[in-house]
2 protein chains.
Amino acid sequence: MDAAPKRILIADDEPDILEIVSYNLQNEGFEVYTAKNGDEAIERAKILHPDLIILDIMMPKKTGVEVCNILRSQSLFQETIIIFLTALSDEGSQIKGLETGADDYISKPISPKVLISRVNALFRRLNKEKGKTINVGNVCIDPVRFNVAVNNNNIILAKKEFELLHLLASKPGRVFLRNEILTQIWGTDVIVGDRTIDVHIRKIRQKLELDCITTVKGVGYKFEL
Amino acid sequence: MDAAPKRILIADDEPDILEIVSYNLQNEGFEVYTAKNGDEAIERAKILHPDLIILDIMMPKKTGVEVCNILRSQSLFQETIIIFLTALSDEGSQIKGLETGADDYISKPISPKVLISRVNALFRRLNKEKGKTINVGNVCIDPVRFNVAVNNNNIILAKKEFELLHLLASKPGRVFLRNEILTQIWGTDVIVGDRTIDVHIRKIRQKLELDCITTVKGVGYKFEL
DNA sequence: TTTTGTGTAAACTTAAGGTTAAGAACATGG
DNA sequence: CCATGTTCTTAACCTTAAGTTTACACAAAA
């Protein structure tokens, strides 16, 4: 769902820095925009609504700290991640930077790799709740939202149906024995009839309108596209 | 609401570091706990549920990275802020650290002031996610003013109703288990009957005149437009 | 053909929520 | 401190649809 590329705005007065940093971030799949000074940074930020802004502290026409203050005072930029990038590695400015409301602070010279790692770490924290979703082809199963989407159409499954699909899809291609399914979903102490699984399978097939669950006669079921 | 002091766990094998860092953090009003090695860190984390964990990378009985991996694999520690603290300032370990799912990375020797600034910056970011107004479609929830607006019509909700709506709307689309709702809103020690949540949900649905709370039978509720 | 295993539809059972009203618990303003 | 109004919780009952079973049809293998 949230597959839109993250938008990053970098503001620095040194063209070299802009180029190196944007080159590396673009390679990581980010959408990168640049600004040469503080005013331009603010202007572009208002138009672009970036997810993350990297600000050089020492810039003409408003310093990074000033830019940060201005942006943070607007509700639109409360969410935006802001990183300061600067040659000053002295403690005083580090503290000032973080107190302004920046999320991170990196001293130059810095390797692109470290920058990228930090950027990713910040995005990771912002996102959370990912990785858990299962994506197989055009089927997307999200255990947190408890919903299933096929070709981006949400489909409502009942609890047991969802659990069953989730189990099968957790290892696409692998066959689950009927017994295995029973113990995984119903537990060892609950005993249900033979046709119960079939009925649930049927309902899933019906609702998904997609032939993704294959019967392996005498053995069990598997999820496959 | 969230006036409880933040709980911080520090793990390092050097007693000096533990003392300096905890002294400084305590002065800032944090509740500080310590661990001497990786295993102890995990053990104490499970009992204490700290808001933030500072891990030395080089520790006996599991390194900081190992501890981070173990904790992050548990849902309880998904939200916890983790900072690595280490003497290694080489690039490689910085990257590895951040990719493990840490939120920040600080090299020794580091001044207590900088550490505190970073800790505060991380907490600030975390808090921002509370207290801020939630806007989903034509629904606007402002926890500061304590009011809800649908299509710019203010609606008066009682406290519990508001808390419940705010919780659900904080992660639109995500399903909240009944248990989760109970602990988030009523706390762990208060015990309320089974139908209590339902009644509040009903009132919200009634007042909002909008079908935005979906029941997921056998699971919980979710906010969705 | 018989056996074995699965698909399907419909009927049944029941657990999970919805609804309502009533009375505690709490707050507010004289 | 009481009167009043509001919010919260509970209990009893109602409704719904999830989950299961039954019964039978069908297909493939033996």
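Please read these numbers as outputs of a predicted model, since none were measured by experiment. So you know, we letter chains A, B, ... as the sequences are listed, proteins then strands, and number each from 1. All heavy atoms count here, side chains included; hydrogens, waters and symmetry mates do not.
Protein atom NZ of A/K159 is 7 Å distant from nucleotide atom P of D/dG19, rounded to whole Å. Distance B/F162 CZ to D/dT6 C1': 18 Å, rounded to the nearest Å. Look at CG on B/D194: it is 16 Å from P on C/dT19, rounded to the nearest Å. A/I185 has its CD1 atom 16 Å from the P atom of D/dA18, to the nearest Å. The separation between A/I181 atom CD1 and C/dT6 atom C1' is 13 Å, rounded to whole Å. At whole-Å resolution of the value, NZ in A/K203 and P in C/dT6 are 20 Å apart. Here the P atom of nucleotide C/dT8 and the CD1 atom of A/I204 are 13 Å apart, to the nearest Å. To the nearest angstrom, P of D/dT20 lies 11 Å from CD of A/E161.
Using a cut-off of 4.0 Å between Lys/Arg side-chain N and Asp/Glu carboxylate O, B/D39 and B/K62 are scored as salt-bridged.
Checked against side-chain contact (heavy atoms from CB on, under 4.5 Å), B/E209 has no partners two or more places apart in sequence or in another chain. With sequence neighbours left out, the side-chain contact (heavy atoms from CB on, under 4.5 Å) criterion links B/K159 to B/F146, B/E163. Here B/D13 pairs with B/D56, B/M59, B/P60 under the side-chain contact (heavy atoms from CB on, under 4.5 Å) rule; sequence neighbours left out.
Panel note: side chain B/Q26, backbone B/Y23; no donor-acceptor pair is recorded below 3.5 Å.
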Base-contact (B) and sugar-phosphate-only (S) positions in nucleotides 12-18 of chain C, heavy-atom cut-off under 4.0 Å, - elsewhere: ----BBB

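Summary of the strand contacts: B/I156 and B/T196 both lie near DNA chain D, and taking for each the nucleotide with the nearest heavy atom, the more 5' one is attributed to B/I156.
Neither OP1 nor OP2 of D/dT7 sits under 4.0 Å from any side-chain N or O of B/H200. Contact annotation: A/W186 does not reach the phosphate of D/dG19 (side-chain N/O to OP1 or OP2, under 4.0 Å).
Remark: B/R174 is positioned above the aromatic ring of B/F176, its terminal NZ or CZ atom under 6.0 angstrom from the ring centre and at most 45 degrees off the axis.
In this structure, the helix from C/dT1-D/dA30 to C/dG30-D/dC1 shows an angle of 30° between the axis at its start and the axis at its end, each fitted on 5 base pairs and rounded to 10°.
Of the candidate nucleotides D/dT9, D/dC8, D/dG19, D/dT9 has the atom lying nearest to any side-chain atom of B/V192.
Listed by first and then second residue, the ring pair (Phe, Tyr, Trp, His ring centres under 6.0 Å) pairs that reach into residues 194-225 of chain A are A/W186-A/H200, sequence neighbours excluded.
Looking at A/T80 and A/R7, their side chains never bring a donor and an acceptor atom within 3.5 Å of each other.
From B/I181, atom CD1 reaches atom OG1 of B/T196 across 12.0 Å, with rounding to the nearest 0.5 Å.
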